[in-house]
Peer 1: 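Okay, here's the structure, questions in a sec.
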Amino acid sequence: MISRDSIETAYSFMHQKRNVYIHSRMEWQRDDIEYAIASYVDNMNPELLAAISDGRADFLKDHRCFEDDITTAVERLGNAMGMKNDE
């Protein structure tokens, strides 16, 4: 079962990291964020991860598509909380 609390926690963490990531031009900072998110994903609710990742094993762990993945994750988590896209 996916609790509302786990969705809110994941959303808050990923939303914050995504906002820093997309505005950062420092590669070390972007790498640190990728590492933090990948570590978080390793320990998050497996049902929630499956729901936001479409079952992709490398979701939020592949440097080449990380920015798209984090944007997708934040959008899907926001939708799960009933938020509009502009919130």
Side-chain angles (χ1 to χ4, degrees):
M1 182 174 151
I2 303 171
S3 70
R4 175 130 178 122
D5 189 49
S6 66
I7 296 168
E8 289 174 351
T9 300
Y11 175 83
S12 296
F13 183 68
M14 291 191 194
H15 184 266
Q16 175 197 39
K17 297 298 184 194
R18 180 194 164 272
N19 285 346
V20 174
Y21 187 88
I22 64 173
H23 296 291
S24 177
R25 298 297 164 239
M26 296 177 277
E27 286 305 314
W28 65 265
Q29 185 177 44
R30 292 170 65 99
D31 288 344
D32 284 355
I33 290 169
E34 288 182 33
Y35 178 78
I37 294 292
S39 296
Y40 183 84
V41 166
D42 285 340
N43 296 300
M44 81 184 286
N45 178 316
E47 287 179 73
L48 180 55
L49 178 58
I52 65 171
S53 69
D54 293 329
R56 272 190 37 226
D58 67 345
F59 188 71
L60 293 167
K61 294 183 178 186
D62 185 341
H63 174 74
R64 295 168 296 176
C65 53
F66 181 81
E67 189 167 344
D68 290 337
D69 286 354
I70 191 75
T71 298
T72 297
V74 169
E75 181 179 297
R76 290 178 179 173
L77 290 163
N79 289 342
M81 292 190 319
M83 298 176 71
K84 297 177 187 150
N85 288 335
D86 59 348
E87 290 185 54

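In this chain, numbering begins with 1 at the start of the sequence shown. Because the structure is predicted, anything quoted here is derived from the model rather than measured.
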Peer 1: Is there a donor-acceptor pair under 3.5 Å between the side chain of Arg18 and the backbone N or O of Ile70?
Peer 2: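 Looks like no, no N/O pair under 3.5 Å.
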Peer 1: On a heavy-atom basis, which atom in Ala80 and which in Arg4 lie closest, and how many Å separate them?
Peer 2: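 Where Ala80 meets Arg4 most closely, the heavy atoms are O-NH1, 4.1 Å.
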Peer 1: Treating Ile, Leu, Val, Met, Phe, Trp and Tyr as nodes and any side-chain heavy-atom pair under 4.5 angstrom as an edge, say whether Met81 and Phe13 lie in one connected cluster.
Peer 2: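 Result: yes, single cluster for both.
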Peer 1: Could you walk me through whether Arg56 and Asp54 pass salt bridge (Lys or Arg N to Asp or Glu O under 4.0 Å), step by step?
Peer 2: CA-CA 6 Å; Arg56 272 190 37 226; Asp54 293 329; over 6 Å; no
Peer 1: Please, which pairs that meet salt bridge (Lys or Arg N to Asp or Glu O under 4.0 Å) have at least one residue in residues 23-36, sequence neighbours excluded?
Peer 2: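 Those involving residues 23-36 are Arg30-Glu67.
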Peer 1: With side chains defined as the heavy atoms from C-beta onward, is the minimum distance between Ile52 and Met44 less than 4.5 Å?
Peer 2: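 Yes. Closest side-chain heavy atoms under 4.5 Å.
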Peer 1: Could you state the interatomic distance from CE (Met1) to CG (Asn45), rounded to the nearest 0.5 Å?
Peer 2: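 The CG atom of Asn45 is 10.0 Å from CE of Met1, to the nearest 0.5 Å.
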Peer 1: Of all heavy-atom pairs between Leu48 and Leu77, which one has the smallest distance, and what is that distance?
Peer 2: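 Answer, listing the atom of Leu48 first, then Leu77: CD1-CD2, 3.8 Å.
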Peer 1: Using side-chain hydrogen bond (donor to acceptor under 3.5 Å, both in side chains) as the criterion, list what pairs up with Ser12, not counting sequence neighbours.
Peer 2: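 Applying side-chain hydrogen bond (donor to acceptor under 3.5 Å, both in side chains) to Ser12 gives none.
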Peer 1: Main chain of Leu49, side chain of Ser53: is a donor-acceptor contact present, judged purely on distance under 3.5 Å?
Peer 2: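 Checking the backbone N and O of Leu49 against the side chain of Ser53, a donor-acceptor pair under 3.5 Å is found.
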Peer 1: About how many Å separate CZ of Phe66 and CZ of Phe59, when rounded to the nearest 0.5 Å?
Peer 2: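 Answer rounded to 0.5 Å: 9.5 Å.
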Peer 1: Quick one: does Ile37's side chain get under 4.5 Å of Tyr21's, heavy atoms only?
Peer 2: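 Not touching, per the 4.5 Å side-chain cut-off.
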Peer 1: In Å and rounded to the nearest 0.5 Å, what is the CZ to CG distance from Arg64 to Asp69?
Peer 2: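 Atom-to-atom, Arg64:CZ and Asp69:CG are 11.0 Å apart.
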Peer 1: Verify, without hydrogens or angle tests, whether Thr72 (side chain) and Asp68 (backbone) share a donor-acceptor contact under 3.5 angstrom.
Peer 2: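 Present.
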Peer 1: Look up atom CG in Asp58 and atom NZ in Lys61, then write down how far apart they are to the nearest 0.5 Å.
Peer 2: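 So the gap between those two atoms works out to 9.0 Å.
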